[in-house]
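As structure tokens, the structure follows; a few thoughts come after it.
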There are 2 protein chains.
Amino acid sequence: MAETREPARKRTNDPEGMRQRILDVAELAFQERGYHATSLGDLMHAAGVTGGALHHHFATKKALGMAVIAERVAASVEETWLRRIEEAPSAREGVAQVFAAVAKELERQGFVRGCPLNNLAHELSLADDDFRMVLAGIFEAWRAAIADRMRLDQEAGAEEGVDPDRFAALTVAAYSGAMSMAKTEQDAAMLKVCAEALAAGQGTR
Amino acid sequence: MAETREPARKRTNDPEGMRQRILDVAELAFQERGYHATSLGDLMHAAGVTGGALHHHFATKKALGMAVIAERVAASVEETWLRRIEEAPSAREGVAQVFAAVAKELERQGFVRGCPLNNLAHELSLADDDFRMVLAGIFEAWRAAIADRMRLDQEAGAEEGVDPDRFAALTVAAYSGAMSMAKTEQDAAMLKVCAEALAAGQGTR
DNA sequence: CCAAAAACAGGTCAATCGTCCTGTTTATAA
DNA sequence: TTATAAACAGGACGATTGACCTGTTTTTGG
């Protein structure tokens with residue numbers, strides 16, 4: 001009858017693609033629901049992978065979390081911040097551009113997921129020291145990139161008297177905190193206000 | 001024999017005390033381990049209460065979470081920030097004092113638990129809208145207190161040209177972000193650096 | 001072509017979770 | 001006193017969790 005041909009269904013192995021699909025859904029889920037609130041079952045369903053495949057690529061949930069941090073969160077910071085800061089005409093302008101670009105993007109999508117790094121840092125820093133140290137490294141690289149860019153400006157004769165490390169620390173802190181409020185209030189307003197305050201030298205003399 | 005007297009053990013009902021003991025351990029556990037990572041069993045064990053008592057005072061885990069936020073997190077912000085800002089000689093000095101006091105306390109205890117408000121805001125804002133709105137209200141009150149204090153200074157003739165709301169937003173953002181890094185790095189250094197940057201007008205012109 | 005390894009399927013399993021229920025004891029009010 | 005409600009004890013319950021295991025299929029190296 002109709003059952004005739006069932007000519008051995010093909011399965012195509014694509015280990016790297018499968019790995020990336022898992023990381024895709026894990027990255028999103030960890031951001032929106034958090035690490036602990038996301039079950040491996042959720043991820044299996046969302047990614048359309050079986051338990052065997054998931055366990056093959058990531059032996060434990062922690063291993064998956066570490067991979068998301070090392071490969072996705074770090075990359076996100078790099079793309080959003082490091083690359084743009086390097087390319088900007090100056091450190092200060094680069095910072096302003098990132099704040100503006102992120103605020104614009106948040107308004108476009110009408111939803112604030114928060115800063116990937118801060119989201120996971122808050123949940124995992126105290127839970128596990130391995131998580132904490134990797135996350136701390138990303139924070140440090142973030143600040144270093146901004147400070148280095150500021151030093152470049154200074155070598156070109158600008159920004160006299162500014163401490164690059166201090167400038168970088170305040171920038172990262174203001175962004176992190178502003179994004180924290182934006183997430184809680186589901187409104188990008190604080191991001192814009194803080195960018196203005198930083199630029200105007202508000203909160204200074 | 002020895003079994004003679006077992007004269008009906010007394011139990012003293014202390015509903016308010018029991019409630020506070022539960023809130024005590026819940027507040028601490030939610031800060032250190034997070035809301036989702038803390039089980040009601042953990043709390044029952046830590047507080048030495050039974051399931052019946054816990055359920056009597058807090059019907060659901062969410063109800064307990066809401067109580068911790070409304071009664072403990074809000075109070076923590078009030079005590080750490082609002083009260084000190086009101087009492088300070090000026091908004092700017094008050095901010096500096098809080099940063100310094102918190103940094104000193106963190107160094108004394110050698111452990112950074114993070115900002116209670118930000119900790120829960122990050123984990124719960126996207127998970128539940130009831131949580132989110134209460135948390136957003138605390139952020140708003142925090143900024144309002146700082147902005148109001150700045151307006152007082154301005155009525156006294158100081159701080160011309162400063163936008164109080166902008167100042168408040170940057171202050172809260174810088175503190176939140178600095179504490180986020182301090183927690184991740186388990187080091188109060190960022191808190192002090194950011195306080196200096198704010199005071200020096202670093203990151204400004 | 002063939003063996004060995006890698007990639008994946010699908011399910012088991014003990015442990016743990018939050019909720020809720022049925023009793024018992026203590027406090028309150030009439 | 002008495003009855004009525006509040007406060008608490010202690011456990012049951014189904015659902016869910018992360019880890020892991022045994023097969024099968026696909027790929028790779030010789």
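For clarity, every value in this text was computed on a predicted model and none was experimentally measured. Every chain is numbered from 1, with letters handed out A, B, ... down the list of sequences.
- Within a heavy-atom distance below 4.0 Å of DNA chain C, the residues of residues 47-65 of chain B found are B/His55, B/Thr60, B/Lys61.
- Here the side chain of B/Gln186 pairs a donor or acceptor atom with the backbone of B/Val112 at under 3.5 angstrom.
- Side-chain atoms of B/Arg11 stay outside donor-acceptor range of the base of C/dT26, with no qualifying N/O pair under 3.5 Å.
- B/Arg92 and B/Asp153 are not joined by a salt bridge, as no carboxylate oxygen comes within less than 4.0 angstrom of a charged side-chain nitrogen.
- Between B/Arg33 and B/Leu28 there is no side-chain heavy-atom pair separated by less than 4.5 Å.
- Under the side chain to side chain donor-acceptor pair (under 3.5 Å) rule, B/Arg19 has a single partner from B/Glu71, B/His57, B/His56, which is B/Glu71.
- Of all the residues in residues 36-46 of chain B, B/Thr38, B/Ser39, B/Leu40 reach under 4.0 Å from DNA chain C with at least one non-hydrogen atom.
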Name every donor-acceptor pair, under 3.5 Å, that has one atom in a side chain of residues 116-123 of chain A and the other anywhere in the protein, sequence neighbours excluded.
| unit_1 | atom_1 | unit_2 | atom_2 | d |
| --- | --- | --- | --- | --- |
| A/Asn118 | OD1 | B/Ser180 | OG | 2.6 |
| A/Asn118 | ND2 | A/Ser176 | OG | 2.8 |
| A/Asn119 | OD1 | A/Lys183 | NZ | 2.9 |
| A/Asn119 | ND2 | A/Gln31 | OE1 | 2.9 |
| A/Asn119 | ND2 | A/Arg113 | O | 2.9 |
| A/His122 | ND1 | A/Asn118 | O | 3.2 |
| A/His122 | ND1 | B/His122 | ND1 | 3.3 |
| A/Glu123 | OE1 | A/Tyr35 | N | 2.9 |
| A/Glu123 | OE2 | A/Tyr35 | N | 3.4 |
| A/Glu123 | OE2 | A/His36 | N | 2.9 |
| A/Glu123 | OE2 | A/His36 | ND1 | 3.0 |

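- The CG-C1' distance, from B/Asp14 to C/dT28, rounds to 16 Å in whole Å.
- In this structure, B/Arg21 does not pair ionically with B/Asp14, as no charged nitrogen and carboxylate oxygen lie closer than 4.0 Å.
- A salt bridge links A/Glu105 with A/Arg108: the closest approach of a Lys/Arg side-chain nitrogen to an acidic carboxylate oxygen falls below 4.0 angstrom.
- Atom P of nucleotide C/dA7 and atom CG of A/Asn13 are separated by 8 Å, given to the nearest angstrom.
- Taking every side-chain heavy atom of A/Thr12 into account, D/dT27 is the closest of C/dA7, D/dT27, D/dC8.
- Between A/Leu198 and A/Leu170, some side-chain heavy-atom pair lies under the 4.5 Å cut-off.
- Distance, B/Met18 CE to D/dC8 C1': 7 Å, rounded to whole Å.
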